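First up is the structure itself, then whatever we jot down about it.
Here is how names work: the chains are called A, B, and so on, in the same order as the sequence lines, proteins then strands, and each is numbered from 1. Note that these values count all heavy atoms, side chains included, but never hydrogens, waters or copies made by symmetry. Everything numeric here is computed off the predicted structure, so don't read it as measured data.
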Amino acid sequence: MAGGALAGATRTCPLGDAWLAERTGEAPPPSRVDGREADFGEAVDAAAAILRDARLPLVCGLGGTDCESQRAAVALAEALGAVIDPSGGAGGAASQAFGVSTTTFGDVRDRADLVVAWRADPVSTNPRLLPRLRLDRAGRPPGRSLVVVGAEESATAAEADELVELAPALDFEALWALRALARAVPLERELAARLPLDALERLAARLRACSYGVVLHAPAGYASSLALLALVRDLATLAHVVALPLRFEAGARGAEDVLAWQTGYPGAVSFARGHPRAWPGEFSAAGMLERGEPDAALIVGFDALRGLPPRASDHLRSIPTVVVDPCATETAAAARVAFATAAAGVQREGTAHRMDGVPLTLRAPLASERLGDGDVLGAIQARLAGDEGS
Amino acid sequence: MLRIAQGRVYDPANGVNGEVRDVCLDGGKVVHELPPHAPRVDASGMVVMPGGVDIHSHIAGPAVNAARKLAPEDHRGDPIDRTELMRSGTGGTVPSTFVTGYRYALLGYTTVVDAATPPLAARHTLAELRDTPIVDAAFLVLMGNNLPLFELIREGGPVTDAVAWLLEATGGYGVKLVNPGGVEMWKHRNGNVTALDDEVEGLGVTPRRVLEAIAGSVDELGLPHPVHVHCNNLGVAGNWRTTLDTLDTLQGRRAHLAHLQFHAYGGTPGKRPRSRAPELAEHLAAHPEHSADIGQVMFGPATTMTADAPVSAVLRDVTGGKWVNADLEAETGCGIVPFEYRERNYVHALQWGIGLELFLLSRDPWRVVLSTDHPNGGSFLSYPRLIRLLMDREFRNEQIRRVNQKAIGRTMLRDDLEREYTLGEIAIITRAGPARLLGLADKGHLGVGADADVTIYQGRDDVEEMFATPRWVIKSGRVIVEEGELRETPAGELLRVAADHDEGIESTLRPLFDERYSVRFDNYPVREPWLLEPARRIAAGPGGNAR
């Protein structure tokens, strides 16, 4: 810190530096309506009007903000009878099928003798993870192995003891074969001819023999997630093996947690009938937008126009949107109402849940006059409640 | 101001047993008298008790939330609509936070203790408690598998200061030990400990040393609630010997045993268990320094959730169904298995029977109090049925005839235990007793100065119905429930302990933390005011909870 500004950051990765720059650079006006600067009250009125008049409003994003703001977003979605999607993906639904065995960073760092990065490239997506958990080549203690399963050489594969090359389309098959191999069930090799069976056999042997095994994996489709969790469950009777899903947004896990404690469901929830309902896939933001269902959207901390599939973005462009985001995004620029907020962990204190579920305190090294995401959401809800009261 | 007029008052802490009298409330407290014009509720013909106090329940934090996430089917059939007063949510065995608060209040409970929070996850528990309305809540901090504490215990370090520091750092109320040593062993190739003198591999401590050290520290600090112990060998046939060994180890020291029913099994491991409830009841009768809650099993759906991860792995293999395991660095583990207790199942019927035996053989209701270990033995919503089982011998015998008779044959229930709990005794095991064991001097009674938490029941022949639907529930002097409906949904308070520690402990703990956690020592203590307030501090001090 120097003169109230950020002079530099230590222990960050390039992604962290970019994240900080986005939240400390020149900010747009705090509130805008139709792209013009507006005073806060006017913007709140406009946002409340859009959301109140909508037949089926959508609330999405949330992975970029703190737990306090996530609480406010769920409360507002409920008051609106909206659909809310914390963008958890299909892995959550798979873990509901028969559960999951998991862990936290400290136990990976201090106990793991085998780590498998399955279709995950943390060196690119979470660059500090390997060194922090002593999984990089230089930091690994004796007796610890890193095996990468992926399509080809990746930055993470360069750190590994072994790379098991596997085309992405073969994930399910390979995981299912591993289940058999881990339990010493004979495989018909001709049927598994597309798989690198020798390498999978070696991996199965490592998994069976390890004392603390960890499978790091990235968000994947339902079937692959299911197969991976099934494998870990099978292994749990043979060895202490756990899975740890990587997340790429700082608030992704918290969004899921807050939604679950307030509604009972970790994935996309509809409040349209006055109580929470959740069916895997049905209320996903991308799916609903692709089907053209929402007629207004409240987007919190998410550059939806860039992050969603093209057809979903197309629909988003055609409906009125309210954006609450500390960053100057394309989505914010295109919004009917946009609030540029103070960022949690930069100008606002808060709490976030790390990808392993450990709750962390977020400090505010920089001062800001601006409101946080949750304050803006609360103001919109108060305005709506005022309408109801009058 | 509110006068509760002419009810039959059950206030066992003050020796009031069904006498007709007024209870006066003002400023959130019970007061001696009110002016004649003060507003009143006419409680004539009704039963007036202090608000219920749940000494052992699982309502908030990462384990509870993992259970919510795991079982959408548990929620779908039980949706709760948003109203002007209420947030929406879902019920089932593990309700969402708002619904948890509403349903406890609707049941006449106004204070709830969450029995197991890992210190590292305190922020999560606190955030959920803030979204759990109406009830005052406290949580117990898990310390039985804590690596820095193990190190201090092994080296003869300042354990007591470390315990106090952990409580202060988390906003916790009391100390919980879960399968001391065994959960750490779970992380070593799915191991466990099976006896109090088993060594925790590579760490130089045994369950017995952990029990002695932590219980000693809790006593030394004079915490209002004694050490709260979930013994080793939960659910294992023959575990009553471990339970007695634990109690003998803690002889002369205050200790509370959690869900005693799950620790009262005779027989040999791997074979069919039988009841050893009489022996444990005998021990408790002879040891005024020891207490227990029952952890009654109720037939129907449940969700087992415990820091005792190896037990969950056993349950996983029993059900073959959903299972969550969650290791938490340096502190604990967690296991979750949705479960159903069935009347015809030998083990389930035996568990049910042992719980009832413990209740019926108990000679001091102040020290053997009601719990289902919600949601492990069943939901807190089953308390009214449990109360009926205790109060109504005919109903109980009907139920006994429905369940697995081989199991009943291994208990004393076959001899028709005649005891019927009185309303006064129910008031003890559901409010006065738990409040006293917790050292909550302002809870669980209706003497002048007590918190104005009052539950008023319509007297009925069917006590299950009576306890399921209080006529009024008053929290901090405000009418929260009327005619079975919520009238207000104020926030409750966090109840946390205030225990002194030597500031120098931080320099001892810092290196132990930095080696073992992925979170820096300075970021570990909860400081966020929005998580910690509003709170009430209950002071530790000499004498602990002696009142």
Can you find a heavy atom in the side chain of [X] that is under 4.5 Å from one in the side chain of [Y]?
X	Y	answer
B:Lys69	A:Glu256	yes
B:Arg82	A:Arg273	no
B:Arg316	A:Arg233	yes
A:Val242	B:Asp327	yes
A:Gln96	B:Leu70	no

Give the minimum heavy-atom separation between [X] and [Y], together with the two atoms involved.
X	Y	result
A:Cys210	B:Arg189	O-NH1, 3.8 Å
A:Gly274	B:Ser88	O-CB, 3.5 Å
B:Thr90	A:Tyr265	CG2-CE1, 3.9 Å
B:Glu329	A:Gly106	OE1-N, 2.6 Å
B:Ile80	A:Pro276	O-CD, 4.2 Å
A:Arg109	B:Tyr517	NH1-O, 3.0 Å

* With a cut-off of 6.0 Å (strictly less than), are more than 12 heavy atoms of other residues, nucleotides or ligands near CH2 of A:Trp279? ->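 No - once you tally the heavy atoms of other residues, nucleotides and ligands closer than 6.0 Å, there are 12 at most.
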* Asked: So does B:Arg516 pair up with A:Asp110, basic N to acidic O under 4.0 Å?
  ->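 Not counted as a salt bridge, because no side-chain N and carboxylate O are separated by less than 4.0 Å.
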* To do: Determine, for A:Arg111 against B:Glu184, whether the closest basic-nitrogen to carboxylate-oxygen distance falls under 4.0 angstrom.
  =>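 So A:Arg111 pairs with B:Glu184 through a salt bridge.
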If you tally heavy-atom pairs under 4.5 Å against chain B, which of [options] wins?
options	answer
A:Gly81, A:Gly213, A:Ala75	A:Ala75
A:Glu349, A:His353, A:His275, A:Arg277	A:His275
A:Ala278, A:Ser211, A:Gly254	A:Ser211
A:Arg71, A:Arg132, A:Arg354, A:Arg363	A:Arg71
A:Ala79, A:Cys67, A:Gly267	A:Ala79

Could you look at [X] and say if it's the side chain, the backbone, both or neither that has a heavy atom under 4.5 Å from chain A?
X	value
B:Ala330	backbone
B:Ile59	neither
B:Glu515	backbone

* **side chain to side chain contact (heavy atoms under 4.5 Å, CB included) partner of A:Thr351, the single match among B:Val526, B:Leu126, B:Leu531** =>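 Single side chain to side chain contact (heavy atoms under 4.5 Å, CB included) partner of A:Thr351 among B:Val526, B:Leu126, B:Leu531: B:Leu531.
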* **Option among B:Thr132, B:Thr100, B:Asn65 that satisfies the side chain to side chain contact (heavy atoms under 4.5 Å, CB included) test with A:Trp261** =>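 Only match with A:Trp261 under side chain to side chain contact (heavy atoms under 4.5 Å, CB included): B:Asn65.
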* Where on A:Val74 is there a heavy atom nearer than 4.5 Å to chain B: the side chain, the backbone, both, or neither? -> both
* CZ-OG1 distance between B:Phe98 and A:Thr263, expressed to the nearest 0.5 angstrom ->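 Rounded to the nearest 0.5 Å, the CZ-OG1 separation comes out at 10.0 Å.
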